[in-house]
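Some notes on the structure that comes next.
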Number of protein chains: 2
Amino acid sequence: MSLRHGLLDLLAGEPMSGYDLSRFFSVSMGNVWPAQHSQIYPELAKLTAEGLIAQTGEGPRGRKVYQTTEAGLAALRSWLRDSPPDYSIRQEAQLRVFCLWVLPPDEALAYLARDRAEYVRHLDLITATIAAVDWGENQVRRSSRLSIEFGRRFYTELIGWIDWAAEQIAAGALQPGGPVPGLTAGARLG
Amino acid sequence: MSLRHGLLDLLAGEPMSGYDLSRFFSVSMGNVWPAQHSQIYPELAKLTAEGLIAQTGEGPRGRKVYQTTEAGLAALRSWLRDSPPDYSIRQEAQLRVFCLWVLPPDEALAYLARDRAEYVRHLDLITATIAAVDWGENQVRRSSRLSIEFGRRFYTELIGWIDWAAEQIAAGALQPGGPVPGLTAGARLG
DNA sequence: CTATACATGTAACAAGTTACATGATTAA
DNA sequence: TTAATCATGTAACTTGTTACATGTATAG
């Protein structure tokens, strides 16, 4: 149910096509809820059938522009009000970090350096977006400024954490030393 | 492919049953990659069939204890080395924050207060875990100390961000003002 | 003896990804 | 004229969730 509410939010803020949405997603909501076009188009069809969005325009190459209806806004509101948030987080890149001890320390450091470069890219993009947009213009913009600020802080923190972790590894945190429970003969034979 | 590698990591560190894993997940890896027991048990069966883990013990009530094999460790290593990380993040709770402008400001503030309480709970749990465990004991422990530190910083930052956002909202960030594009007559009729 | 926690599994469904498929417009 | 981008969709597959289903040991 998450994707549909993200679409309702975006289409309440600005009329857009599926194509627009899939691009816009990657720089805004996509930071907390990614979506491909193959998921967006069928969902737009469903939302239209349910009257939560409506096609209010068209363009070249079969382009269809949608907007959220009053019913859609009501659905969005009741989602926030009546269903409990899911506080879980999925972040494959950090799952990998759990496993970093299986690599030699220098390789682990190189691994983190690649992560860091990626997060710097994200942060730069966010910083540029913050600078480029007039956030005071209206309610929707001022609201999404709050979310993008979270992104800015998150990636800043992530980079800071990598620098700290790299220091720890350089100081020997991933060096074998002390027993590694579980890697007994029985396990090796399995 | 993420879950299986998480399991390989945990079962390399310590022999565990599916039941142990599902509980342990919720306080360690589950912070970045949640998993239910209904997903864990079938995956353990597959991993066993592929020789990446092996059952090395049993217990009361049909309990089965597994450990990662050398082949499993090799698979984990090559996952880190040979497949590109997925840097995307899924976080429903922050997607909801994008939509907060549809609520009256005081309701939005109450909404964030609930989020904050939840994150304080997470942070307290992490802080307690950091204090309770001997992280220097071995390689696997020292490694997961790096990951848990990320969790600590993440929830600290999230709480700080909520306090900032609440200030913004209290100062009128979610008050209507300026045009809300998209909510035109056409959309209302849809 | 009875409730709780331990313990493992399956089945039906929903959500998400990757690959396939097609075609129109625009800029070089 | 040709490559890139715009633009929409479907199909097969994988992953993840919720609900169902069963039974054992332990503590009060």
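These numbers were taken from a predicted model, which means no experiment stands behind them. Here is the naming used below: chain letters follow the sequence lines, and residue numbers restart at 1 for every chain.
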Open item on the list: With a cut-off of less than 4.0 Å, is there a side-chain N or O of A/Arg23 near OP1 or OP2 of D/dT5?
Closed with: no
Open item on the list: Could you tell me how far apart B/Arg4 (CZ) and D/dG16 (C1') are, to the nearest whole angstrom?
Closed with: 15 Å
- [ ] Using the six-membered ring wherever Trp is involved, compare the ring planes of A/Tyr119 and A/Tyr155 and label them parallel, tilted or perpendicular (cut-offs 30° and 60°).
- [x] tilted
Open item on the list: Ignoring hydrogens and geometry beyond distance, is the side chain of B/Ser38 in donor-acceptor contact with the base of D/dT18 at under 3.5 Å?
Closed with: yes
Open item on the list: Rounding to an integer number of Å, can you tell me how far A/His37 NE2 sits from D/dT10 C1'?
Closed with: 9 Å
TODO: Please determine if A/Glu50 and A/Arg4 form a salt bridge, counting it only when a charged side-chain N lies under 4.0 Å from a carboxylate O.
DONE: yes
Open item on the list: Tell me the interatomic distance from A/Phe24, atom CZ, to D/dA7, atom C1', rounded to whole angstroms.
Closed with: 19 Å
Open item on the list: Using whole Å, what does the distance between atom P of nucleotide D/dA25 and atom CD of B/Glu58 come to?
Closed with: 12 Å
TODO: Hey, which sits more toward the 5' end of DNA chain C by its nearest nucleotide, A/Lys46 or B/Gly62?
DONE: B/Gly62
- [ ] Round to a whole Å and report the spacing from CZ of B/Arg63 to C1' of D/dT24.
- [x] 14 Å
Task: Residue met sooner reading DNA chain C from 5', once B/Lys64 and B/Arg90 are mapped to nucleotides - done: B/Lys64
TODO: Compare the minimum distances between each of D/dA7, D/dG16, C/dT8 and the side chain of B/Tyr41, then state the nucleotide with the smallest one.
DONE: C/dT8
- [ ] Can you figure out which of D/dT15, C/dT25, D/dG16 approaches the side chain of A/Pro60 most closely?
- [x] C/dT25
Task: Heavy-atom pair with the smallest gap, counting every atom of B/Ser28 and B/Leu10 - done: OG-CD2, 4.4 Å
Open item on the list: Checking contacts here: which listed nucleotide (D/dT5, D/dG23, C/dG9) is nearest the side-chain heavy atoms of B/Arg61?
Closed with: D/dG23
Task: Nucleotide nearest B/Asp20 when distance is taken to its side chain, options D/dT10, D/dA7, C/dA7 - done: C/dA7
Open item on the list: Quick one, B/Thr156 with A/Glu157, criterion side-chain contact (heavy atoms from CB on, under 4.5 Å). Give me CA distance, side-chain angles, the key distance, then yes/no.
Closed with: CA-CA 10 Å; B/Thr156 302; A/Glu157 192 62 44; over 6 Å; no
- [ ] Take the angle between the ring planes of B/Trp164 and B/Trp161 and call it parallel below 30°, perpendicular above 60°, tilted in between.
- [x] tilted
Task: D/dT8 phosphate, OP1 or OP2, under 4.0 Å from A/Tyr19 side-chain N/O - done: no
- [ ] Check whether any side-chain nitrogen or oxygen of A/Gln39 sits under 4.0 Å from OP1 or OP2 of C/dT17, and answer yes or no.
- [x] yes
TODO: Could you state the atom-to-atom distance from CD of B/Glu43 to C1' of D/dG16 in whole Å?
DONE: 12 Å
Task: Gap between atoms CD and C1', on B/Gln36 and C/dG9 respectively (whole Å) - done: 15 Å
TODO: Could you tell me the separation between the CG atom of A/Leu3 and the P atom of C/dG16, rounded to a whole number of Å?
DONE: 7 Å
